[in-house]
Amino acid sequence: VFLRGSGGTGKTFTVGKFIESKNISHNNYVFLGPTGKAVAVAEDKGLRGVIIHRFFGIQTNDNLQDINEYLEQKHGSIKKYRNKIRKQLIDIKYIFIDEISMVNSELLEHALITLQVCAMENATVVISGDYHQLPPIIDKTLPEYENVGSSIDVIRDLIMADAMGVVDFITRYRSADENYNEFLHDTRLGII
């Protein structure tokens with residue numbers, strides 16, 4: 001599921017309330033964010049958060065080939081790496097990835113493939129964010145990054161293939177003016 005909406009619409013708050021309402025223990029979910037700030041915001045809401053790079057054992061925002069080479073070198077083989085991730089996910093029922101606009105396409109693709117191989121039969125993945133916010137920082141002048149882009153392409157492909165549902169969050173709770181909220185939403189989606 002993709003929770004889509006601008007800042008202040010309650011995406012992270014909703015995730016927290018979902019976890020609370022289902023009495024999901026800290027051992028049964030993981031909340032991933034692209035930065036320490038994103039994780040800190042989640043932790044302020046009572047969620048247990050981890051930076052996505054740390055969770056998957058990745059050092060930088062490399063392309064898929066470099067990510068795989070690094071992990072193979074570090075763990076001896078991709079099979080050993082995936083066994084390590086399986087152990088991390090053994091009790092996990094929900095995986096939340098927040099602020100997805102800041103995650104590059106290669107990292108998201110690696111994460112989703114790894115989750116599919118290691119946990120998809122046991123876990124539900126919920127992705128949230130706003131593609132009208134900060135994009136990932138990618139140095140396109142370096143040859144290894146020339147084909148790395150925003151994760152929007154991966155998300156769009158999943159939505160178009162009916163492999164991912166979308167829930168739109170429209171009301172900005174930081175503003176009481178409904179007309180302003182609707183104007184912002186329509187502007188974000190290119191309607192205006």
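Please read all numbers here as calculations on a predicted model, not as lab measurements.
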Hydrophobic cluster identity match, V41 and I100, side-chain contacts under 4.5 Å: no
Working for ring-ring contact (aromatic ring centres under 6.0 Å, His included), residues H53 and F56: CA-CA 5 Å; H53 292 80; F56 287 102; 9.4 Å; no
Side chain to side chain, I58 and L107, heavy atoms closer than 4.5 Å: yes
Working for side-chain contact (heavy atoms from CB on, under 4.5 Å), residues E106 and D66: CA-CA 10 Å; E106 304 284 307; D66 290 344; over 6 Å; no
Donor-acceptor contact below 3.5 Å, side chain N28 vs main chain D91: yes
Parallel, tilted or perpendicular: ring planes of Y81 versus H75, cut at 30 and 60 degrees: tilted
Spacing of I113 atom CD1 and L108 atom CG [to the nearest 0.5 Å]: 9.5 Å
Atom pair CD1/NE2 of I92 and H26 - distance to nearest 0.5 Å: 11.5 Å
Co-membership, hydrophobic cluster, residues L3 and I19, 4.5 Å side-chain: yes
Residues Q65 and E69: side-chain donor-acceptor under 3.5 angstrom: yes
Whether F96 and Y94 hold their rings parallel, tilted or perpendicular, with breakpoints at 30° and 60°: parallel
Beyond-backbone contact of D130 with S101, side-chain heavy atoms, under 4.5 angstrom: no
In one Ile/Leu/Val/Met/Phe/Trp/Tyr side-chain cluster, 4.5 Å: L112, I52: yes
Point-to-point distance, once rounded to the nearest 0.5 Å, from CD of E109 to CG of L64: 4.5 Å
Residue pair I95 / T124, side-chain heavy-atom distance below 4.5 Å: no
Heavy-atom closest contact (T12 atom, A42 atom, distance): CG2-CA, 4.3 Å
Side chain to side chain, F2 and V167, heavy atoms closer than 4.5 Å: no
Heavy-atom side-chain proximity of V117 to I85 below 4.5 angstrom: no
4.5 Å side-chain heavy-atom contact, I127 and M164: yes
Atom CZ of R48: over 12 foreign heavy atoms under 6.0 Å: yes
Shared hydrophobic cluster for I24 and F13 (ILVMFWY, side-chain gaps under 4.5 Å): no
Expected output: side-chain E99 to main-chain A38 donor-acceptor under 3.5 Å: no
I90 vs R86, side-chain contact (heavy atoms from CB on, under 4.5 Å): CA-CA, chis, key distance, verdict: CA-CA 6 Å; I90 199 147; R86 265 189 203 93; over 6 Å; no
Closest non-hydrogen atom pair, Y70 against G57: CE2-O, 3.3 Å
Same apolar cluster: V103 and F55, side chain cutoff 4.5 Å: yes
From CZ (R82) to CG (L71), nearest 0.5 Å: 9.5 Å
Residue pair V39 / V50, side-chain heavy-atom distance below 4.5 Å: no
Cation over ring face, R4 and F169, 6.0 Å, 45°: no
Flag, side chain of K11 to backbone of S6, donor-acceptor distance under 3.5 Å: yes
Spacing of T14 atom OG1 and K45 atom NZ [to the nearest 0.5 Å]: 10.0 Å
